Amino acid sequence: MSENKDILLSIRNLKTHFHVRKRVIRAVDGVSLDVRAGKTLGLVGESGCGKSITAHTILRLLPKTARIKDGEIIFHSRKRQPVDLLKLQPSGKEMRGIRGNDISMIFQDPMSSLNPVYRIGDQIVESILEHENTTRAEAMERALEMLKRLSIPSAEKRIREYPHQFSGGMKQRVMIAMGLICNPELLIADEPTTALDVTIQAQILELMQELQRQLGFTIILITHNMGIVADVADDVAVMYMGKIMEFGSKEDVFLRPSHPYTRALLKSVPVLGNSGRDLLEPIRGSTPDPSDLPEGCSFAPRCDFAKPECGQAIPYVDVGNGHLVRCVLAEGREVRDGQ
Amino acid sequence: MLKYFVKRLIMMIPMIVFISFLVFVALDLTPGDPLTAQFSPESISGLTHEQLDALREEAGLNDSLVVRYLRWFGGVLKGDFGYSIQTGTPIGSIIANLLPATIYLALAALVLSVLMGLLFGILSAIKHNTIIDYLSSLFGVIGISMPEFFIGILAILIFAIQLKWFPAQGRTEIGATFWVNLKYILLPALSLGLALTAALTRYTRNSMLDVMNKNYVKTARAKGLSEWKVFYRHVFRNALMPISVLICLRLPMLIGGSVVIEQVFGYAGIGSRLLTAINSNDYQLVLSIIFLLSIVSLLSSVLIDLITGLLDPRVRYN
Ligand SMILES: Nc1ncnc2c1ncn2[C@@H]1O[C@H](COP(=O)(O)OP(=O)(O)O)[C@@H](O)[C@H]1O
Ligand SMILES: [Mg+2]
């Protein structure tokens, strides 16, 4: 994890905790990762492991009960000086100027993510009018163009329609249009296709990749589906109980998976090589209570290779070319989180 | 939308006919000579038995129920409700004299409770789980559980008799200045509206909190909108739909409550007149007023449809 010109976002030792009735839920507990500009990072892990909270922390859209305990998120924007997003006021002017403008986010459930009482066009235009000095008519023109880019049929008519008149897939296209309308540098897509039919999933993902080629933005794609990561990601971060277990290029992570959790995850879903040939194997046991995580490696209780050392703090190890693994079995140069 | 609304209004007609028929049958069953209900006392006093019988025949009182109903309903449509048995004055003019005062009282109560209910509700939603929130839910419980007459009497005791800020009884006539008007209307309107204020406070709070958790509110924040814009464009706008339904649902209760409140405050309106009419067995007047009040309830249900249609595109487009 070295400072590099083509890094757009770099997260170091991020900790976001919840305090619920005297218990502490360590939803994000020391996440470090780099997002390369113009590339797609797949953030993958079982549900409940802290992917969404990581994304919400980036945009500072956390619920009131959340506390950011530690870390930094440096945003290397082309338009401004590098800024630590954690130093900004969550609803202050600077953070709002980034939200929806430089970094946008689309959510898992397109059905409920659009306001039912406003026309699609008005909801897209709202972002433009918030961030730029244009007329409503011009903004509407741009919204229409964007809807056309997202291959929404008869966009001229549909821009005047209400969300309930759209199917789930079409709604997600509208959400993407809304996210891209201000030409952001980073698009965070939190399980954008999980709520959709399989055939529509593929269309949406393809569309996002096509637009990325045209417009050059960076994507953080959050998913629990290794298959999707295999299809679209350039880099992969494998997350488990608030920590990144393995991070590297897609080739490294898929062809040389070094963390037992990654290997277990790969065996549990049909991806690339193993589809059909090997039998799918669900991961043994279930995720632990997030308010009562074991010391050291939180995967140890489910791991076939667990050793006594797993109960101690586990450092990040670079097993080669920035392929990072957080496991006692990994051999290589040790990197500190803050580095 | 217009077509839907017109259809809804037309659908009201059979309802009105049905209610009016019930009212008419009830009238027909009441004891007493129907002649006194249809003619002014001056015109029939001094008539002989034969002349009265002839009048009865001429007035069609011997016709079948349906024919008599149609004739009566025709009169009602023209504002002719017959005569009060007790005072002999035309019911139409009693209503014309008193109904505006009651509508004024109910409207004042409505405006005050909507303003206060929304304000308290919004405040406790924004400050939820703080002392403000707890105080307003305490107020909600008190407001909902206390009967109107008790609130009214309490208000008179404290603010009129003890503090002497407001007059205890009566109402103003048309032409009174704004301040005098306000002095007379404030206590009865607040007492009448208290239950609605309390209900609205709780309902507004809960609807707002409900909408605040919706995903589209998160979408709005993710666009970079200021908290204030998120609040009024997305949270409040959507919470308004269930709130306006509650207000319309409660309109008939406001009218009903005015019966008691007018009595307590010596406010000359249709409600207190209804009570005197009941006490003096003035059936004709009682049923006419009840008929009017049920029309008001019916209208408020149409109003609910109109407002939800206006506020919610999902309803508008079926
Ligand atoms: N508002 C909240 N209050 C308390 N705990 C929360 C809240 N939101 C999320 N969590 C907890 O944080 C953890 C991570 O959640 P999340 O980031 O949504 O997981 P996912 O990887 O499925 O997106 C979960 O254990 C969840 O229970
Ligand atoms: Mg999630």
Side-chain angles (χ1 to χ4, degrees), chain A residues 52 55-56 58-64 89-120 122-131 160-165 171 174-175 178-179 181-182 184 187-188 190 195, chain B residues 1 4 122-133 204-205 207-245 304-318:
Chain A
S52 296
H56 285 83
I58 297 173
L59 271 181
R60 305 299 304 280
L61 285 174
L62 292 167
K64 284 205 185 87
Q89 284 297 318
S91 50
K93 223 173 163 169
E94 223 178 327
M95 192 63 234
R96 282 193 281 116
I98 291 173
R99 240 182 248 147
N101 192 19
D102 300 331
I103 306 178
S104 346
M105 181 159 176
I106 56 177
F107 303 102
Q108 172 166 354
D109 185 10
M111 295 299 174
S112 59
S113 295
L114 289 161
N115 192 327
V117 306
Y118 295 118
R119 295 171 201 275
I120 295 301
D122 292 334
Q123 297 193 49
I124 300 175
V125 162
E126 201 176 17
S127 295
I128 308 178
L129 296 178
E130 185 67 29
H131 297 292
R160 301 180 44 79
E161 290 185 349
Y162 290 91
H164 72 272
Q165 294 166 295
K171 271 186 201 158
V174 171
M175 286 301 294
M178 204 186 269
I181 195 71
C182 290
L187 178 73
I188 303 174
D190 189 354
Chain B
M1 182 63 204
Y4 168 73
I122 289 171
L123 272 181
S124 44
I126 294 175
K127 303 268 170 209
H128 80 113
N129 291 341
T130 65
I131 185 83
I132 295 179
D133 187 20
T204 302
R205 172 195 183 271
S207 312
M208 298 276 302
L209 287 178
D210 188 43
V211 175
M212 278 176 192
N213 285 326
K214 292 273 197 257
N215 284 339
Y216 55 76
V217 173
K218 197 157 72 181
T219 306
R221 284 213 176 86
K223 284 179 191 172
L225 301 185
S226 65
E227 277 305 296
W228 169 242
K229 280 183 190 160
V230 171
F231 179 81
Y232 78 82
R233 276 194 209 155
H234 294 275
V235 181
F236 184 66
R237 174 63 179 76
N238 282 273
L240 205 55
M241 295 187 282
I243 292 170
S244 60
V245 170
I304 293 178
D305 289 352
L306 176 67
I307 291 180
T308 44
L310 282 177
L311 287 178
D312 191 343
R314 288 164 296 186
V315 175
R316 195 151 70 230
Y317 289 75
N318 278 60

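Please read all numbers here as calculations on a predicted model, not as lab measurements. Convention: sequence-line order gives letters A, B, ...; per-chain numbering from 1.
The shortest non-hydrogen separation linking B:Pro313 to A:Pro116 is CG-O, 3.1 Å.
For A:Met175, the part sitting under 4.5 Å from any heavy atom of chain B is the side chain, from C-beta outward, and nothing else. Neither the backbone nor the side chain of A:Met95 comes within contact range of chain B; no heavy atom of the residue lies under 4.5 Å from a heavy atom of that chain. Interface residue A:Leu114: only backbone heavy atoms are found under 4.5 Å from chain B.
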If you check both backbone and side chains, which donor-acceptor pairs between chain B and chain A fall under 3.5 Å?
residue	atom	partner	partner atom	Å
B:Asn215	ND2	A:Ser112	OG	2.7
B:Tyr216	N	A:Ser112	O	3.1
B:Lys218	NZ	A:His56	NE2	3.3
B:Thr219	OG1	A:Ser113	O	2.7
B:Ala222	O	A:Gly100	N	3.1
B:Lys223	O	A:His131	NE2	2.7
B:Lys223	NZ	A:Gln123	O	2.8
B:Lys223	NZ	A:Glu126	OE1	2.7
B:Lys229	NZ	A:Glu130	OE1	3.0
B:Arg233	O	A:Tyr118	OH	2.5
B:Arg233	NH1	A:Glu126	OE2	2.8
B:His234	ND1	A:Asn115	ND2	2.9
B:His234	NE2	A:Glu126	OE1	3.1
B:His234	NE2	A:Glu126	OE2	3.0
B:Asn238	ND2	A:Asn115	OD1	3.0
B:Arg316	NH2	A:Tyr162	OH	2.9

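When the candidates A:Gly92, A:Gly100, A:Pro63 are compared by the number of heavy-atom contacts under 4.5 Å with chain B, A:Gly100 comes out ahead.
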